[in-house]
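Only this structure's heavy atoms are used, side chains among them; waters, hydrogens and symmetry mates stay out. This chain uses plain numbering: 1 for the first residue, then up along the sequence. None of the values given here were measured: they were computed from a predicted structure.
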Amino acid sequence: MLIKQRTFNQAIVSELIAQDINPLLARLYAARSVVSKREIDCSLNLLIPPEQLNNNTKMAVLLADAIAASKKILIIGDYDADGATATAVAFKGLASMGALVDFLVPNRFEYGYGLTPEIVLLAALQKPDILLTVDNGIASVDGVEAANRLGMQVLITDHHLPADTTPEAACIVNPNQRGCEFASKNLAGVGVMFYVLLALRAQLRERGAYIKMPEPNLSHLLDLVALGTVADLVKLDHNNRILVEQGLRRIHANAGCEGIKALLKIAGKSAKNASAQDLGFYVGPRLNAAGRLDDMRLGILCLLAETESEALTHAQTLHTLNMERRNIEADMQDSAMDSLQEITVAKDYSLSIYNADYHQGVIGILASRLKERFHRPAIVFADASDGDGANKILKGSGRSIASLHLRDALDLITKKHPQLIIKFGGHAMAAGLSIKHEDLKVFQQAFELVVRDLLSETDLQATIETDGSMQSSEMCLTNAQLILQQIWGQGFNQPLFSDKFSVINQRIVGEKHLKIVLEKDNKRFDAIYFNCTENLEPIVNAVFALDVNEYNGAKLLQLM
């Protein structure tokens with residue numbers, strides 16, 4: 001592991017300080033390419049205008065026409081946290097504007113991902129006039145064709161990268177579709193749907209819908225937008241940071257939805273002090289557990305709950321599912337590590353593994369763990385629910401390192417081996433695919449060759465970026481609280497620091513964590529090293545974050 005310090009321009013730091021930004025934050029922001037105070041201003045009026053999102057006005061017109069004609073709209077969601085929050089935002093937002101609306105989320109184990117022809121047939125049983133996809137659809141060529149044949153209009157909202165062929169939908173809103181020049185390509189699926197609602201409200205306003213009645217306050221949906229944005233690990237550019245901060249403000253003011261409040265409570269987190277990291281590490285996984293092990297409808301019902309008791313009931317179910325997910329993941333991880341003992345990972349540029357016992361709902365998490373451990377692109381396969389023998393289908397979930405765009409790598413494989421991958425889709429850092437069981441070895445070889453062409457040995461060296469050393473006087477509770485109050489996340493990483501310390505005391509707590517007392521400049525600091533049970537050397541070079549440990553009502557500085 002290489003420790004690399006972020007660089008920054010001191011002149012920019014001085015300029016930010018001159019704009020009344022705290023000196024420590026000025027340094028941290030400058031290292032993240034912030035050059036002016038406006039870039040950290042998260043006021044709602046600084047959001048990129050909704051009309052700049054390609055086809056958004058057209059989508060608003062179609063939805064406004066549907067509302068006026070009392071057409072039935074069926075939302076087709078996705079089974080992860082982004083898809084669940086996008087479904088909840090679409091349902092709440094459209095209902096508040098008078099739409100006849102319901103939702104359908106494919107069970108991943110029966111129908112897989114997206115608007116498939118099978119899902120279209122299932123949706124048709126509800127006799128909708130319009131299918132509105134959220135967080136999916138851009139690759140659903142066959143599904144859109146099936147819907148069109150049955151006389152259902154398809155409206156697509158998505159943020160995934162398009163394939164070579166675009167579905168013949170009535171309208172597509174996706175910042176990553178060809179020809180869209182929207183300045184933030186990093187909107188999550190829930191962010192795209194929120195933008196559609198902003199445009200729809202403006203369209204209804206133009207039509208005079210709110211002359212005799214108040215407009216719906218769409219800011220009420222921002223806690224859901226914040227959760228989906230953080231949980232989907234999209235880059236927190238300025239536009240996304242606005243959405244996340246505004247959502248957190250609602251949560252802090254106890255104005256968020258009952259579902260998010262319940263999920264925070266059951267995770268032992270205070271809504272009043274919730275951070276973006278809390279949404280990502282505690283709320284998102286519990287919501288995701290429904291889609292991974294059961295049915296994401298459970299998660300969506302939690303987000304739509306109108307009373308505290310109803311929300312807590314759903315949250316407890318999700319918490320139980322998440323505990324089950326963690327146990328399954330631990331068993332799978334042990335199995336994967338055992339199988340990798342026979343492989344010289346150092347010689348391989350990629351990892352792609354399969355086990356008949358793997359649970360389809362947890363392979364993405366396992367791929368992420370393998371990627372983190374070995375710093376290589378990793379794909380984990382499990383049996384799909386359909387097919388056997390020669391017709392057996394494997395579903396894979398992959399995670400990548402920063403140097404490799406995973407979806408593009410899979411696209412290269414399809415160009416070299418057109419019949420190898422049945423279908424695929426995703427992002428730079430994460431992707432999913434399906435292959436035939438009999439083609440597994442061929443895929444593993446093809447994936448390894450493509451990755452070798454795209455990466456160098458240097459790319460395989462894991463690197464952790466830090467913000468350098470801190471003065472011992474800076475390492476205080478006030479600065480820890482100041483840092484935790486800011487919005488950090490993917491692409492705008494939480495500050496980490498590095499320094500040498502003397503280890504004064506160390507003991508194991510909770511059976512698997514190391515509680516430590518560190519010393520620097522004759523000043524001592526409490527610290528915790530999670531998932532470590534090995535004693536440290538007397539002198540360590542530690543990478544750490546400033547954290548606040550709340551114990552018996554007191555707040556104390558802790559290095560993490």
Side-chain angles (χ1 to χ4, degrees), residues 2-9 12 16 25-42 46-48 53 80-82 85 135 158-161 174-176 180 182-192 194-195 222 225-248 275-281 283-284 364 368 371-372 375 377 398-408 426-431 459 462-468 483-497 543 545:
L2 294 178
I3 298 176
K4 180 181 177 183
Q5 183 176 340
R6 293 186 181 91
T7 59
F8 55 86
N9 186 318
I12 292 175
L16 292 173
L25 291 181
R27 166 187 155 192
L28 299 175
Y29 287 142
R32 288 155 180 77
S33 302
V34 170
V35 297
S36 72
K37 188 174 183 178
R38 188 181 189 280
E39 293 177 59
I40 55 170
D41 185 345
C42 289
L46 293 180
L47 275 179
I48 301 170
L53 185 56
D80 66 359
D82 185 18
T85 52
D135 192 32
D158 202 351
H159 70 124
H160 294 93
L161 297 171
N174 181 341
N176 290 301
C180 184
F182 190 71
S184 172
K185 300 295 185 182
N186 303 301
L187 280 177
V190 68
V192 175
F194 182 71
Y195 260 78
L222 282 167
V225 178
L227 171 57
T229 299
V230 171
D232 209 45
L233 298 179
V234 292
K235 182 179 180 181
L236 292 191
D237 59 17
H238 184 213
N239 208 61
N240 276 341
R241 293 201 302 278
I242 293 173
L243 294 172
V244 172
E245 176 159 321
Q246 291 294 331
L248 283 171
S275 66
Q277 286 73 28
D278 290 334
L279 296 182
F281 289 119
V283 180
S368 181
K371 181 265 296 187
E372 290 167 3
H375 197 68
R399 299 293 184 269
S400 191
I401 58 178
S403 307
L404 183 99
H405 193 298
L406 187 53
R407 188 203 168 279
D408 286 356
H427 300 293
M429 302 300 286
D459 294 323
T463 302
I464 185 166
E465 283 193 312
T466 79
D467 292 285
I483 289 173
L484 290 172
Q485 288 166 2
Q486 313 309 311
I487 302 299
W488 312 103
Q490 190 77 12
F492 202 76
N493 294 330
Q494 180 183 10
L496 294 175
F497 305 93
V543 173

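- Of the candidates L233, T229, D232, V230, D232 is the only one forming a side chain to side chain contact (heavy atoms under 4.5 Å, CB included) with D82.
- The nearest pair of heavy atoms linking G468 to Q5 is CA-CD, 3.6 Å.
- No donor-acceptor pair closer than 3.5 Å links the side chain of D467 to the backbone N or O of L28.
- Looking at every heavy atom in both residues, A231 comes nearest to A81 through CB-CB, 3.7 Å.
- For W488 (side chain) and I483 (main-chain N/O), a donor-acceptor pair under 3.5 Å exists by modelled atom type.
- Between A188 and G228, the closest heavy-atom pair is CB-O, 4.3 Å.
- For residues 234-248, the pairs satisfying side chain to side chain donor-acceptor pair (under 3.5 Å) are S184-D237, N186-D237, Y195-N239, E245-R249, with sequence neighbours left out.
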Exercise for the section: Give the C-alpha distance, both sets of side-chain angles, the deciding distance and a yes or no for side chain to side chain contact (heavy atoms under 4.5 Å, CB included) between I487 and L248. Expected result: CA-CA 9 Å; I487 302 299; L248 283 171; 3.4 Å; yes

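- Among I40, V35, I12, the single residue meeting the side chain to side chain contact (heavy atoms under 4.5 Å, CB included) criterion with Y29 is I40.
- Rounding to the nearest 0.5 angstrom, the gap separating the CD atom in E39 from the CD1 atom in I242 is 11.0 Å.
- Counting heavy atoms from C-beta on, the side chains of D135 and V192 never come closer than 4.5 Å.
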Practice task
Could you please spell out the steps behind the side chain to side chain contact (heavy atoms under 4.5 Å, CB included) verdict for T85 and F194?
Solution key: CA-CA 10 Å; T85 52; F194 182 71; over 6 Å; no

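- L222 CG to L227 CG: the interatomic distance, rounded to the nearest 0.5 Å, is 12.5 Å.
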Exercise for the section: For side-chain hydrogen bond (donor to acceptor under 3.5 Å, both in side chains), just list the numbers for N176 and H159, CA-CA rounded to whole Å, side-chain angles, deciding distance to a tenth of an Å, and then say yes or no. Expected result: CA-CA 6 Å; N176 290 301; H159 70 124; 5.3 Å; no

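- No donor-acceptor pair under 3.5 Å is formed between the side chain of D41 and the backbone N or O of R38.
- Between P495 and R32 the shortest side-chain heavy-atom distance falls below 4.5 Å.
- Panel note: side chain N174, backbone H160; a donor-acceptor pair is recorded below 3.5 Å.
- Going from atom OG1 of T466 over to atom CZ of R6 covers 7.0 Å, rounded to the nearest 0.5 Å.
- Not counting sequence neighbours, R407 has no partner by the side-chain hydrogen bond (donor to acceptor under 3.5 Å, both in side chains) test.
- K185 places a side-chain N or O within donor-acceptor distance of the main-chain N or O of P175, the cut-off being under 3.5 Å.
- In this structure, OG in S400 is found 5.0 Å from CG in L406, a value given to the nearest 0.5 Å.
- The structure places CD1 of I48 at 4.0 Å from CZ of F182, a figure rounded to the nearest 0.5 Å.
- Here the closest heavy-atom approach between residue L161 and residue H405 is recorded as CD1-CE1, 3.4 Å.
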